[in-house]
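A short worksheet on the structure shown next.
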Amino acid sequence: MKYKHLNLEEREKLFAYKALGKTLRWIAKRLGRHHSTLVRELDRHTKHWKPYLPCSAQKEADRVSNRQRQRSALK
């Protein structure tokens, strides 16, 4: 099974459902994801008491993805 990263729409839904007080397992069912994927997403993008913001999370994910591609091209 190929891993598929969260996209901006899924990140925005995660943010909205969390604001409504929904559990991660409930949100995961609605998004068709495993709840641990959402836990990792929130852990990755809520460092140092900063709130989870979907746009910031997407920018960071894009930055990491581009950096990985550049490193791969150098090999």
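Residues: numbered from 1 along the sequence shown.
Taking the side-chain contact (heavy atoms from CB on, under 4.5 Å) definition, one finds that Lys29 meets it with nothing, sequence neighbours left out. Remark: Lys59 engages no residue in a side-chain contact (heavy atoms from CB on, under 4.5 Å) (not counting sequence neighbours). For Tyr52, there are no ring pair (Phe, Tyr, Trp, His ring centres under 6.0 Å) partners two or more places apart in sequence or in a different chain. Considering only residues two or more places apart in sequence or on other chains, His35 meets the side-chain contact (heavy atoms from CB on, under 4.5 Å) condition with Arg25, Ala28.
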Ignoring hydrogens and angles, write down the donor-acceptor pairs under 3.5 Å from the side chains of residues 60-67, residues two or more places apart or on other chains.
unit_1, atom_1, unit_2, atom_2, d
Glu60, OE1, Arg63, NE, 3.2
Glu60, OE1, Arg63, NH2, 3.4
Glu60, OE2, Arg63, NH2, 2.6
Asp62, OD1, Gln58, NE2, 3.1
Ser65, OG, Arg69, NH2, 2.9
Asn66, OD1, Arg69, NH1, 2.8
Asn66, ND2, Asp62, O, 3.3

Going by atom type alone, with no hydrogens or angles, which donor-acceptor pairs under 3.5 Å involve a side-chain atom of residues 42-51 and a protein atom two or more places apart or on another chain?
unit_1, atom_1, unit_2, atom_2, d
Thr46, OG1, Leu42, O, 2.4
Lys47, NZ, Asp43, O, 3.1

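With contacts defined as side-chain heavy-atom distances shorter than 4.5 Å, the pair Lys13/Tyr17 qualifies. Side-chain contact between Leu14 and Leu24 is present, with at least one heavy-atom pair separated by less than 4.5 Å.
Using a distance-only test at 3.5 Å, with no hydrogens or angles considered, no donor-acceptor pair links the side chain of Arg33 to the main chain of Leu38.
Here the CD atom belonging to Glu12 is positioned 6.0 Å from the SG atom belonging to Cys55, to the nearest 0.5 angstrom. Taking CG from Leu31 and CD from Glu10, the interatomic distance works out to 6.0 Å, rounded to the nearest 0.5 Å.
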